[in-house]
There are 2 protein chains.
Amino acid sequence: MSKFKEINIDHLKLSCSECNLRELCFPHGMKEEELSNLDAVVDQPKPLHKNDFLYRDGERAMAIYAVRSGCVKTMTESANGDEQIVGFHLPGELLGLDGFADGSHTCNAIALETSSVCELPLDQIESLCHRLPGLQKQMRRIMGKEVNNDHKLLLLLGKMTAEERLASFLLSLSARMEERHWKDNEFNLTMPRQDIANYLGMAVETVSRLFATFQSEKIIDVDRRHISILDIKRLRSIVGECE
Amino acid sequence: MSKFKEINIDHLKLSCSECNLRELCFPHGMKEEELSNLDAVVDQPKPLHKNDFLYRDGERAMAIYAVRSGCVKTMTESANGDEQIVGFHLPGELLGLDGFADGSHTCNAIALETSSVCELPLDQIESLCHRLPGLQKQMRRIMGKEVNNDHKLLLLLGKMTAEERLASFLLSLSARMEERHWKDNEFNLTMPRQDIANYLGMAVETVSRLFATFQSEKIIDVDRRHISILDIKRLRSIVGECE
DNA sequence: CCTGATAATTGATATAGGTCATGTTTTTTT
DNA sequence: AAAAAAACATGACCTATATCAATTATCAGG
């Protein structure tokens with residue numbers, strides 16, 4: 001038995017000003033006194049478990065969300081039932097902007113593993129943005145980022161080969177790991193191959209085969225969901241980036 | 001010689017409150033007195049000619065733009081030089097949000113034909129949104145729409161067959177024609193086949209062949225750039241929408 | 001610790017749609 | 001009006017990647 005008392009950290013609210021993700025998240029570029037205003041409205045509900053929905057297509061949009069830990073995927077559904085994953089959201093990344101157009105979400109947000117999120121309620125955003133110019137500006141930046149992200153993905157799906165897509169995916173993950181001051185050459189995939197395949201617009205089998213190829217070419221090392229990037233230059237040259 | 005005096009309509013400013021596109025554009029949902037505030041800052045520079053750039057990738061973002069007449073395409077460039085068209089913007093539709101992330105545009109915006117646009121200068125947006133809650137709300141709606149649009153396109157590129165893509169494209173155009181109270185079953189394409197192909201992630205030849213197939217099946221009538229939709233139900237069933 | 005279920009790999013085969021080549025029509029330039 | 005250049009169409013062929021099938025590895029629950 002531990003001599004420490006067990007406490008339920010679910011109910012411990014971590015303030016934005018103390019959050020180590022603040023530079024990636026809502027608070028980016030905000031002043032100290034603005035942050036305390038933000039803290040007052042940001043809620044942290046209990047964590048999501050694997051496969052829990054954060055929100056569903058068609059549901060009324062109540063908030064925008066920031067991932068605090070774990071990973072959340074967003075996916076659109078088509079008329080005839082097939083789905084396209086449009087994003088994997090890592091800690092510090094935001095989601096829920098799809099509800100801005102007409103007040104209802106247009107995609108599903110599902111936790112890939114146990115994850116906690118922070119909520120910024122929509123009904124408070126208006127007044128909050130009015131009081132905090134920093135937040136207003138950050139909101140615009142966030143949306144711009146989302147749009148740019150989507151554009152990159154459109155380019156990937158529209159113009160790249162399967163090999164380029166997977167290389168691009170790994171590079172994107174690596175870069176985002178670095179942003180979080182985590183190891184950028186060694187990380188775990190939080191999603192199954194199926195989800196990677198769906199996101200990149202190809203078949204699972206192709207993902208498997210490409211992982212095998214990259215491994216045999218000593219570009220990466222794959223152990224189940226654990227990825228080590230051995231030759232990032234090769235990855236970059238595959239997607240066509242000059243050094 | 002005409003007995004009427006020639007006037008340069010380029011310098012005639014049409015106010016937002018009088019614009020017949022106002023319900024699709026910035027003014028949507030705004031009150032009468034808010035509109036006059038909007039009018040005061042919206043600029044209408046001289047028209048763009050075919051192939052003129054409205055803005056370029058990397059350029060500092062100065063404004064967000066609304067198409068008033070004509071059509072403007074936006075395209076992203078990849079590291080290795082290939083391009084993906086991410087949108088065709090019809091009158092009343094907005095563009096330029098890609099500059100919100102870090103103040104610089106990340107795509108090129110090019111006129112497909114002689115087009116005029118209205119500009120809402122970025123440096124005035126902040127104070128204007130502060131004064132006009134209606135604009136603030138509309139800005140959010142606009143961004144949500146952009147995100148939803150991109151998601152639909154991701155689904156198209158990630159999951160649909162060439163046939164479904166082209167059908168989907170025609171249906172989207174038709175719906176947008178209707179929004180503008182134009183004929184929704186008969187319209188002219190403003191873009192060459194090459195651009196359609198690029199946008200839909202396929203080869204020009206495939207676009208040509210599919211137009212021919214659709215025509216032979218009496219789904220549409222194609223005469224060069226003129227499209228008549230003969231059987232919209234068939235188009236809907238191709239993309240998998242139930243009636 | 002087993003056991004069915006899920007996830008991942010690997011091989012064989014098929015095909016949607018790309019690429020190449022050629023011809024025609026339309027548009028632009030001189 | 002002629003020439004050059006785009007834009008578009010159509011046929012023949014090919015390839016990247018999907019699909020199908022079978023096998024192995026991993027995981028979640030009793």
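Proteins get letters first, then strands, A, B, ... in listed order; numbering begins at 1 in each. Any value given below was found using the heavy atoms of this structure, including those in side chains, with hydrogens, waters and symmetry copies removed.
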Can you tell me how the ring of A/Y65 sits relative to the ring of A/H105, calling it parallel under 30°, perpendicular over 60° and tilted otherwise?
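The arrangement is tilted - the two ring planes meet at 30° to 60°.
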
Residues from residues 210-227 of chain B lying under 4.0 Å of DNA chain C - heavy atoms
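Heavy-atom contacts with DNA chain C come from B/R224.
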
Nucleotide by nucleotide, nucleotides 13-20 of chain C touches protein heavy atoms under 4.0 Å in the pattern (B base, S sugar-phosphate only, - none) ----SSBB

Crowding at [atom1], [X] (>12 non-hydrogen neighbours, <6.0 Å):
| X | atom1 | answer |
| --- | --- | --- |
| A/M62 | CE | no |
| B/E217 | CD | yes |
| A/M191 | CE | yes |

For the pair [X] and [Y], find out whether any cationic side-chain nitrogen is under 4.0 Å from an anionic carboxylate oxygen.
| X | Y | value |
| --- | --- | --- |
| A/D195 | A/K73 | yes |
| A/R193 | A/E205 | no |
| B/E93 | B/R68 | no |

So if I take the C1' atoms of five pairs at each end of the helix from C/dC1-D/dG30 to C/dT30-D/dA1 and get each local axis, what angle do the two axes make, rounded to 10 degrees?
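Nearest ten degrees gives 60° for this helix.
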
Between A/S115 (side chain only) and A/A111 (backbone N and O only), is there a donor and an acceptor less than 3.5 Å apart?
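The answer is no, because no donor-acceptor pair under 3.5 Å joins these two groups.
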
Partner set under side chain to side chain donor-acceptor pair (under 3.5 Å) for B/D52, not counting sequence neighbours
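Partners of B/D52 under the side chain to side chain donor-acceptor pair (under 3.5 Å) test: none.
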
Sequence-distant partners of A/K159, side chain to side chain donor-acceptor pair (under 3.5 Å), two or more places apart
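Only B/Q84 meet the side chain to side chain donor-acceptor pair (under 3.5 Å) criterion with A/K159.
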
Positional range of nucleotides in DNA chain D within the contact set of chain A, heavy-atom, under 4.0 Å
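Both ends considered, the range comes out as D/dT17 to D/dT26.
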
Contact summary for B/S69 and B/P91, nearest pair of heavy atoms
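Heavy atoms only, the tightest pair is CA-CG, 3.9 Å.
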
Would you mind reading off the distance between B/R193 atom CZ and C/dT24 atom P, rounded to a whole angstrom?
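The answer, rounded to whole Å, is 19 Å.
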
Hydrogens and angles aside, do B/N198 and B/E83 bring a side-chain donor and acceptor to less than 3.5 Å of each other?
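Their side chains do not contain a donor-acceptor pair, so the 3.5 Å distance test is not met.
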
